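Read through the structure below, which is laid out as structure tokens, and then see the notes.
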Amino acid sequence: MQLYNTLSAKEREALIEEAGLERLTISFYQYARIGNPSIFRNHLFIHWNELDVLGRIYVAHEGINAQLSVPAVNFNAFKAHLDSITFLENVRLNIAIEQDNKSFLKLKVKVREKIVADGLNDDSFDVTNKGIHVDAVKFNELIEDSDTILVDMRNHYESEIGHFKNAITPDVDTFRDSLDIIEKDLADHKEDKKLVMYCTGGIRCEKASAYYKHKGFKNVYQLEGGIIEYTRQVKNLKLENKFLGKNFVFDHRRGERITDDIIANCHQCGSPCDNHVNCANEACHLLFIQCDSCAEAMNNCCSVECKEIHELPFEEQKKLRKGKVVSNKIFKKGRSEVLKYKK
Ligand SMILES: [Zn+2]
Ligand SMILES: [Zn+2]
């Protein structure tokens, strides 16, 4: 029985191109008690692999958090399989606005301690006592209210390229950091203000809203389905779109354009730009914002140092990396002294 990927990302990319089939980029999550995450993980892998589903899925005792790409022709079969699992029946699927056939190139289903690395001790508060879920209509109404404090629950590199008008966007690297900062900043308003929060797809607010209620906030609201679902509703119902710029996403696309506003700047020259890239030096891979002309001048690198390394023959780069600890190799999140225009 095949329980793991047998193709490399490159082989997969070629296959996707050859097949020429339309794929849908989808995300969903569900908090539920899962007795044996490993068995559940294998079950998902076997069925989804058959349906040519690709993506990154986390499974834990507390539930599932999935971001995937499904061939459009297999969508109904995929949906039927979800509906066959009790706690996933009719789960809300966030379907990406901008489709990209190569948003994911492998199927990775991982068993984790938690489905979001939130740094919270769940036993210390009631995670089921959540904030009130609101749809786009109610959300638009709430954020016009002068008694509302609107908070972006995402990290700095996400809100940098797009956020709701008048939202507080904490300058944080992790979800855990933002919880403390926001609590401190709003300590005097636990009872008199409405705390309204949002994130990408809603999952972070599920815990955050319960945490704030536990901390004494009386009026806590959360945008159901996050920015992704909000955008869909705004389009369908022709509502005013109060979001500005791009929604950062965690796949190859890196961001979906929601409105034409460009609210960020190239980190190297300061010109208006909201395109995230990863530094081309394999040993760096820094996530940052780079305009086309800087990309050309810097050969897609974040610094002169990285450019020099990147331009060495591959074997020499490998030699340089040997024995060095590269802590930021996977996804260093948008901070470095070399970025002159990073705010
Ligand atoms: Zn630039
Ligand atoms: Zn670099």
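Every number for a ligand or one of its atoms is a count from 1 in the order of the listing. The first residue of the sequence shown is numbered 1, and numbering continues consecutively from there. All values derive from a computational prediction rather than experimental measurement.
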Quick one: angle C279 SG - the Zn ion (ligand 2) - C306 SG, to the nearest 10°?
->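 It is 110°, given to the nearest 10°.
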
Answer yes if the ring centres of H43 and H81 are under 6.0 angstrom apart, and no otherwise.
->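 Yes, ring centres under 6.0 Å apart.
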
Taking 2.8 Å as the cut-off, does an N/O/S atom of H285 lie below it from the Zn ion (ligand 2)?
->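 No, outside the cut-off.
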
N/O/S of C301 less than 2.8 Å from the Zn ion (ligand 2)?
->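 Under 2.8 Å: C301 has no N, O or S contact with the Zn ion (ligand 2).
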
With a 4.5 Å heavy-atom cut-off, do E224 and E229 have their side chains touching?
->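 No, every pair of side-chain atoms sits at 4.5 Å or beyond.
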
Pair D135, Q233: side-chain N/O donor-acceptor within cut-off below 3.5 Å =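 Not at all, the side chains of D135 and Q233 share no donor-acceptor pair under 3.5 Å.
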
Taking atom types as modelled and ignoring hydrogens, do the side chains of Y29 and N94 form a donor-acceptor contact shorter than 3.5 angstrom?
->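 Side-chain D/A pair, Y29 to N94: absent.
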
Metal proximity, C273 vs the Zn ion (ligand 1), N/O/S cut-off 2.8 Å |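 So C273 does not count as coordinating the Zn ion (ligand 1).
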
Within the stated cut-off of 2.8 Å, is an N/O/S atom of C291 closer than that to the Zn ion (ligand 1)?
->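 Short answer: yes, at least one N, O or S atom is under the cut-off.
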
Vertex the Zn ion (ligand 1): angle to SG of C266 and SG of C294, to 10°?
->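 Value, to the nearest 10 degrees: 110°.
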
Please report the C-alpha distance between F175 and Y211 in whole Å, then the side-chain angles of each, then the deciding distance to 0.1 Å, and finally whether the ring-ring contact (aromatic ring centres under 6.0 Å, His included) criterion is met.
-> CA-CA 12 Å; F175 177 73; Y211 181 79; 8.5 Å; no

